[in-house]
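What follows is a set of notes on a single structure, which appears directly below.
The chain is numbered in sequence order, starting from 1.
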Amino acid sequence: MKNIITLVFLFFGQILMAQDGYKLWLQYAEIKNPKLVEDYKNLNAQVQLDTTTATGKVILKELNLAFDGMLNHTVAKSSEQPTLLILKHAALPQSLKKEFKELEDLPEDAYKIQATRLDKREVIVISSTTETGLLYGTFAYLREMQRHKDLSQLEITDAPKIKKRLLNHWDNLDRTIERGYAGFSIWDWHLLPNLIKEEYIDYARANASIGINGTVLNNVNASAYILQDDYLQKVKALADAFRPYGIQVYLTARFSAPIEIGGLQTADPLNAEVQNWWNEKAKEIYTHIPDFGGFLVKANSEGQPGPNNYGRSHVDGANMLAEAVEPYNGIVMWRAFVYSDEKPEDRAKQAYSEFVPFDGKFKDNVLVQVKNGAIDFQPREPFHPLFGAMPETPLMMEFQITQEYLGGMSHLAFLPKLFEETLQADTYAKGAGSTVAQVVDGSLTNKKLTGMAGVSNIGNSRNWTGHPFAQANWYGFGRLAWNPELSAKTIAEEWLAQTFTPDPEFVKPMTSLLLDSREAVVNYMTPLGLHHIMAEGHHQGPGPWVKDLGREDWTSVYYHKADSLGIGFDRTSTGSGALAQYAPEIENAYKNIETTPQEYLLWFHHVPWDYKLDNGQTLWYNLARKYQDGVEEVEAMINTWQDMKPYVGEQVYEKTRMLLSIQLEEAQWWRDSCLLYFQQFSNKEMPEFIPEAKHTLDYYESIRDRYAPGIKPSWD
């Protein structure tokens, strides 16, 4: 019996060593090709590196970890005839400085990796003008090794196109996570500042490896207590742990904090006592954390306090906080996700209406943080009309990495495809080719302060993100924050090769699976421009019937407007007029049903059920066809995954297989319930390709899941 137990432990230990979800895309798996191992060992025989700095020490640690895993090789550190040089530009041998001179003209933290010759020897040089740039360059070099690339001709020059590349954690102080699907928060506030967990260091490593340089530690629905001294000591401990990896910490500031923890009677941003309170609070924070990044603020949205409570504007609130952090080079990220407590004409219009009049009036250290779409992280939305409409204001993109509306913890949806779609959309702000990416990276209007934020999908699950393939969304966000011009295909190939295997027999079919996965989700959830038809509150599963809530624009019926005549939200001049917030080129193209792209049809138009689309079939037929396509696409994903079994560890294979089976069941649930509901209004027969629903519409409408994950528990 004892021998059997030992064998079981050895078996599972080998699986974990071969493919451990905790290691994310930094697996550093053993390379089996003897020739490649020999070549890599020769090129990395002697490493010259300055380890007198904290960042230099973590670079050496990462090299040892990587070389041990991939090559069974230990770093030999030496300045005598090195084969790998990792040096700042100023420290390069004189004969190499000219070859790397371009670094002096590139943005901060740019790096260059070059296979070259030094003293008649073949060497590889990683150089930058900054320590953090050397770290980024090292991770890029290890990325090439993990992908089994030929290093002998290596030549990579890269620089971040966006300055502030942040994760936004929606983590609460009780360790719950709003819209979190991977367990509790990794921040163990009760044990900080005295216990620095290994996870904090590995979190920093993972972020640095993809160029993320900042993290907002707490929820945008903030607790003021994070700003008290005892919590600031805890924040300081995290900042100290992250600093060698080039990561700054930020905090969400609750606008009413001067009242809740400051003892004041008001939080009016034009009140001198309030201004002084924030000035003193900023001074206190920077005393603890000299490189504190600044504040993220959610104000006057979904019941959160803000300057509007006092008859003041968003500019008044943002600029007051910006003045407090300005002496310390801090910034304020002011979220544009706002909608009033009163019924709006169209919720999609409100952010534009509230912020465009203030274009150019925010202080230079304020970024207005805008969601990718005007409603709320839907499976598909047109890009937010603010992008391109505020040329005098830096706009920071906010993407949601956690899958609040795309299946939560159970669905495989490769979000870099969504991110790419948004970033490559044309705003026409300065004519054709004025992409959202160019707005965000500042190149369109010459902005120096730029940013991209991703709402984190990280929890204390062993593999960080719950679903094994949700890691790809964290990875992809970081890569796009570094370079918003990267393709989703490139990102998929990189992640797959590093996380599993670079074998083309695996990477090629799985790249196709990833690139198609998000469209599958759109098809079985919200095809043809439908949006916001999920279940109430927790947003898990379908709920096109949701109505009679506290606000009309919290309901599903408000958005799909299905009736006997048709379905969809008219946002043209005959409806809400929201289409007019886009450039004339877009308005002219989308104002007619005939010229509106099919994927946005029901977003901008109320379309008759009998209206014929380009394929000659009616809207009802095409709506049903899309729902069925989504189900069939999940079935195809399952078949592809079955073929991948030889390339992945047993545990990750089985977990993904079971999750895909759940995804198929839920895709069928979406299809059946939505089509049964909409059939009431269309009065059409189900097309023959739609199988009989497993349950009645009454059954689907009766489903309640009050304990679905991802929302704030009732005890707080």
Please report, to 0.1 Å, the donor-acceptor pairs under 3.5 Å made by any side chain of residues 384-397, with sequence neighbours excluded.
from : atom 1 : to   : atom 2 : distance (Å)
H384 : ND1    : L386 : N      : 3.1
T393 : OG1    : D359 : OD1    : 2.6
T393 : OG1    : G360 : N      : 3.0

Non-neighbouring partners of H531 that pass side-chain hydrogen bond (donor to acceptor under 3.5 Å, both in side chains), sequence neighbours left out: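 Once residues adjacent in sequence are excluded, the partners of H531 under the side-chain hydrogen bond (donor to acceptor under 3.5 Å, both in side chains) criterion are R571.
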Those residues that, when tested against W670, pass side-chain hydrogen bond (donor to acceptor under 3.5 Å, both in side chains) (two or more places apart):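 Counting only residues at least two positions away or on another chain, W670 forms no side-chain hydrogen bond (donor to acceptor under 3.5 Å, both in side chains).
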Can you sort out the partners of [X] under ring pair (Phe, Tyr, Trp, His ring centres under 6.0 Å), two or more places apart, ordered by chain and number?
X	result
Y590	F604
H538	none
H169	W187, Y203
F414	none

Quiz: residues 697-709 side-chain donor-acceptor pairs under 3.5 angstrom, not counting sequence neighbours:
from : atom 1 : to   : atom 2 : distance (Å)
Y700 : OH     : H695 : N      : 3.4
S702 : OG     : Y699 : O      : 2.6
R704 : NH1    : E701 : O      : 2.8

Residue from E398, R335, Q369, Q400 passing side chain to side chain donor-acceptor pair (under 3.5 Å) with N168: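 Running side chain to side chain donor-acceptor pair (under 3.5 Å) over E398, R335, Q369, Q400 with N168 returns exactly one hit, Q369.
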Pairwise distance CZ(R479) to OG(S487) - rounded to 0.5 angstrom: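 R479 CZ to S487 OG: 10.0 Å, rounded to 0.5 Å.
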Is the closest side-chain heavy-atom distance between [X] and [Y] below 4.5 Å?
X	Y	value
L167	W474	yes
Y310	D316	no
V607	L528	no
L514	W495	yes

More than 12 heavy atoms of other residues, nucleotides or ligands under 6.0 Å from [atom1] of [X]: is that the case?
X	atom1	answer
E594	CD	yes
K561	NZ	yes
E485	CD	yes
N615	CG	yes

Qualifying residues under side-chain contact (heavy atoms from CB on, under 4.5 Å), relative to Q679, sequence neighbours excluded: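 Here the qualifying residues are W620, L676, S682, M686.
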Qualifying residues under side-chain contact (heavy atoms from CB on, under 4.5 Å), relative to S512, sequence neighbours excluded: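 S512 satisfies side-chain contact (heavy atoms from CB on, under 4.5 Å) with no other residue.
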Under 3.5 Å side-chain donor-acceptor pair for [X] and [Y]:
X	Y	answer
K447	T445	yes
N457	N473	no
Q403	H411	no

Contact list for residues 577-589, test side chain to side chain donor-acceptor pair (under 3.5 Å), sequence neighbours left out: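 Applying side chain to side chain donor-acceptor pair (under 3.5 Å) to every pair that reaches into residues 577-589, excluding sequence neighbours, yields nothing.
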Y428 six-ring centre to K430 NZ/CZ under 6.0 Å and within 45° of normal: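 No; the conditions do not both hold, so K430 does not lie above the ring face of Y428.
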Ring pair (Phe, Tyr, Trp, His ring centres under 6.0 Å) between Y627 and F689, worked out: CA-CA 11 Å; Y627 273 109; F689 53 79; over 10 Å; no
Electrostatic pair D516-K417, nearest N-O below 4.0 angstrom: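 No.
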Flag, side chain of D570 to backbone of H605, donor-acceptor distance under 3.5 Å: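 Looks like no, no N/O pair under 3.5 Å.
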Of all pairs that satisfy salt bridge (Lys or Arg N to Asp or Glu O under 4.0 Å), the ones with a partner from residues 374-384, not counting sequence neighbours: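 Sorted result for residues 374-384: K371-D376, R380-E421, R380-E519.
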